[in-house]
Every structure is written in C-alpha cells, then in structure tokens.
Amino acid sequence: MRLLAIETSCDETAVALVSKQNGVESSLVASQIHLHRPFGGVVPEVACRAHQEWLPRLVREVLDETGTTPDAIDGIAVTRGPGLVGALLVGLSFARGLAWGWKKPWVGINHLESHLASLDLADPPFHPPYVALLASGGHTDFFHVSREWDIRFLGGTLDDAAGEAFDKVAHLLELGYPGGPVIEKAAGAHSGAIHEFPRPMQGHPGCNISFSGLKTAVAIALEKEAGRNRNGRTAFWAASFQQCVVLALVKKLEAAAEMARCSRVAIVGGVAANRLLRDAVTNLAERNGWEVGIAPLKYCGDNAAMVGAAAFRCLERQGWSPSDLDADPRLFLGEDE
Ligand code: KG4
Ligand code: ZN
C-alpha cells in the first residue's frame, strides 16, 4: 500500500509518499519559519496563505521526484487536528479535492498520533509498547501506547508546552525564533557551572508538569541582571534554562514509565531534536535497564512522513474516513471524552 500524506497543522507545509513495503519514498517539508520570524511567532493567516501556495507545488514535486502517477497511490492521509483551524482546513480541503479528483479514499489523522508514529520511521523502528514523551511547540504530553496501538494519556503540561517555553525564554534572551534551536546553540557555547532554577513540579507525584514558574524565574533573574552588561551571560542563562527543562522532562518521563509499569521509553516531537534531551533520555534508560526509542532527527519537527506512518496504524484499526470528515483543532488523544 502506498499513501500520499499531507501535513499542514501549524507552520510547516509537508507532503510525503510513504509505502508499506519501501518506507518513506519521498518527504518534503517547506518551512515557513522565515515568514513568521519577524513576528516572533506563528501568524495563522500567514501560515494559511503559505500552505495554499506550497501544497500543490510539493505534491507535484513528490510525484515527479519518485516518478509516481496517481494510479500507483492507494489513498490520501491528511492531518485533521489538533492545530490551527485555518491551516488544518487548507490541508483537508486540498486532500478532499485530490481524493475526489483521483477517486481515492482518504483517512484523517491525529497530529499527536503522527508524532508517536515517527518512531516507526526510526532505524531500526521502535515499535510499541512504550511510554512516550511528546514535546513540541503545542504539546508536552505523556502517553502509553500498547502493542495494539491503544493510546492512553498519562499526564502533561498544565500551561505552556516545552517548545513554547523555549520560544518564550529565547525571546527574553533576545535570541530570536524559534527558541529551541537558538537556545541549544547558545547553550553550547557555555561550559562550567550553571544557575540552578527551581525544577518544575518536582516532588509532585504523577507526570503533570508546568513551565510557567520556570519562565517567571528566568524573567526575574534576567531582570536582576538588567543594567549590568549581560554580554557573555546569554550562553550561561540559555544553558541553565535548557538543563532545567531537560532534567524536569526526564524526571517526569521516568514517573510516567513507572505509573504505566512500562520499561520502554521514547521521545518524539520538535523538542526531541534537542541533543541534551536525547542524551538524558538515553542515560535514563541505561540507568534503569530500559529500552529507549528516539524519533529520527529529520522526523522530530512536523513532517508528512510520520502522517503516513500513523495512517498505516489507523487503517489497520479503523479503515478509511468518511467523505464528510472535518477538521478538529482541539482533537484529543488517549483521553476519555
Ligand atoms: O513538533 P514541532 O515541529 O511543531 C509542533 O507540533 O509544535 O515543534 C516545534 C517546537 C518549537 O517550539 C521549537 O522551539 C522546538 O520544537 N524545538 C526545539 C528544538 N528544535 C525545535 N526545542 C529544543 N531544542 C531543539 N533543538
Ligand atoms: Zn507537531
């Protein structure tokens, strides 16, 4: 089976061709970062317009690059939520048009499930059961995924997502946008002691987490330093913040695994690209004798290959979606509604 997969939930326009036999045949991502950077965050209207412009081009490019014609495609997989409503609607309407024109079935995919399925694209693949931390710009969630792909939400952020905290602290440090990569880079220039920020939700049982206290602590620390020359201290603060977030996330992943009595842990999502986090999770697993799965670097951020991988999982369980499938910007995963 071969699927054309489409992802437009936020600020990346992505199209992929994924086959059950050959894996990812093509995966293209058009990043809109340069369009949103002047605003310091994603502007929904700008994202929608860029998705509209890029989707037809990327589909053409994927087909040309792989020498594929529509008759060699069995169906279309498209993200239906959660995400920005306008951005989701652009992707869904486009997919609906293609499905109609090509006379193919389609399947709507939960974006969070796609991030989990990025582990199927690891080499070697990391298949469930596992407890995964999904850390991205919009989410910091812990899930248990069973061998049969039953997904249970275990806990998550009570306020900002981890990626959002990176973005906001990068703004405070005047490092630019998006925050994750620039903080990681700045922190890399620091060696030696760091400032110990209070660890978020330490001592609280379970795996819920909150980043608002840490963000405030960073803002206060920087405020105290204002007036003095902060030159050369940016790397110090970036490293201190990054270390605190990573240790907090890893501690909560450990708690989540213990809650679910599961000895296989994983990380996925944009923040999983962070080297310190990748190393810390590997160490956690080594310490406990657990198995560890880490999303491939190229499939941490939003992409369509993981949408195709999730579609294979969903098709086995639920089959194709009805033709009147709608976008759901607040789609949940693994929670009783
Ligand atoms: O998964 P993703 O591409 O989009 C969402 O679904 O939100 O995640 C984007 C988030 C941004 O907040 C970005 O700052 C963060 O992932 N991120 C990182 C790194 N690369 C991206 N955070 C920490 N370290 C990184 N290297
Ligand atoms: Zn995402």
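Reckoned from all heavy atoms, side chains included, excluding hydrogens, waters and symmetry mates. Heads up: numbering here begins at 1 and tracks the sequence. Counting starts at 1 for both ligands and their atoms, in listed order.
Contact annotation: Gly179 has at least one heavy atom less than 4.0 Å from an atom of ligand 1.
In terms of distance to the Zn ion (ligand 2), the nearest N, O or S atom of His111 is named NE2. Between the Zn ion (ligand 2) and the N, O or S atoms of Asp302, the shortest distance is to OD1.
Taking 4.0 Å as the cut-off between side-chain N and carboxylate O, Arg80 and Asp326 do not count as a salt-bridged pair. In summary, Arg313 and Glu113 do not engage in a salt bridge, as defined by a charged side-chain N under 4.0 Å from a carboxylate O. Ionic pairing of Glu25 and Arg2 is present here: one or more N-O contacts between side-chain nitrogen and carboxylate oxygen are shorter than 4.0 angstrom.
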**Asked** For Val182 and Tyr177, what are the C-alpha separation, side-chain angles and deciding distance, and is it a side-chain contact (heavy atoms from CB on, under 4.5 Å)?
**Response** CA-CA 7 Å; Val182 286; Tyr177 170 87; over 6 Å; no
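Looking at Glu12 against ligand 1, nothing comes within 4.0 Å, counting heavy atoms. By the criterion of a heavy-atom distance under 4.0 Å, both the backbone and the side chain of Asn274 are placed next to ligand 1.
Screening Leu247, Val245, Leu253, Ile267 for a side-chain contact (heavy atoms from CB on, under 4.5 Å) involving Leu277 leaves a single residue, Ile267.
When hydrogens are left out, the protein atom nearest atom 17 (N) of ligand 1 is Gly270 O, 3.6 Å; that is the closest non-hydrogen contact.
Figure legend: cation-pi geometry between Arg264 and Phe126, with NZ or CZ positioned under 6.0 Å from the six-membered ring centre and within 45° of its axis.
Look at His139 and the Zn ion (ligand 2): no N/O/S atom of the residue is under 2.8 Å from the metal.
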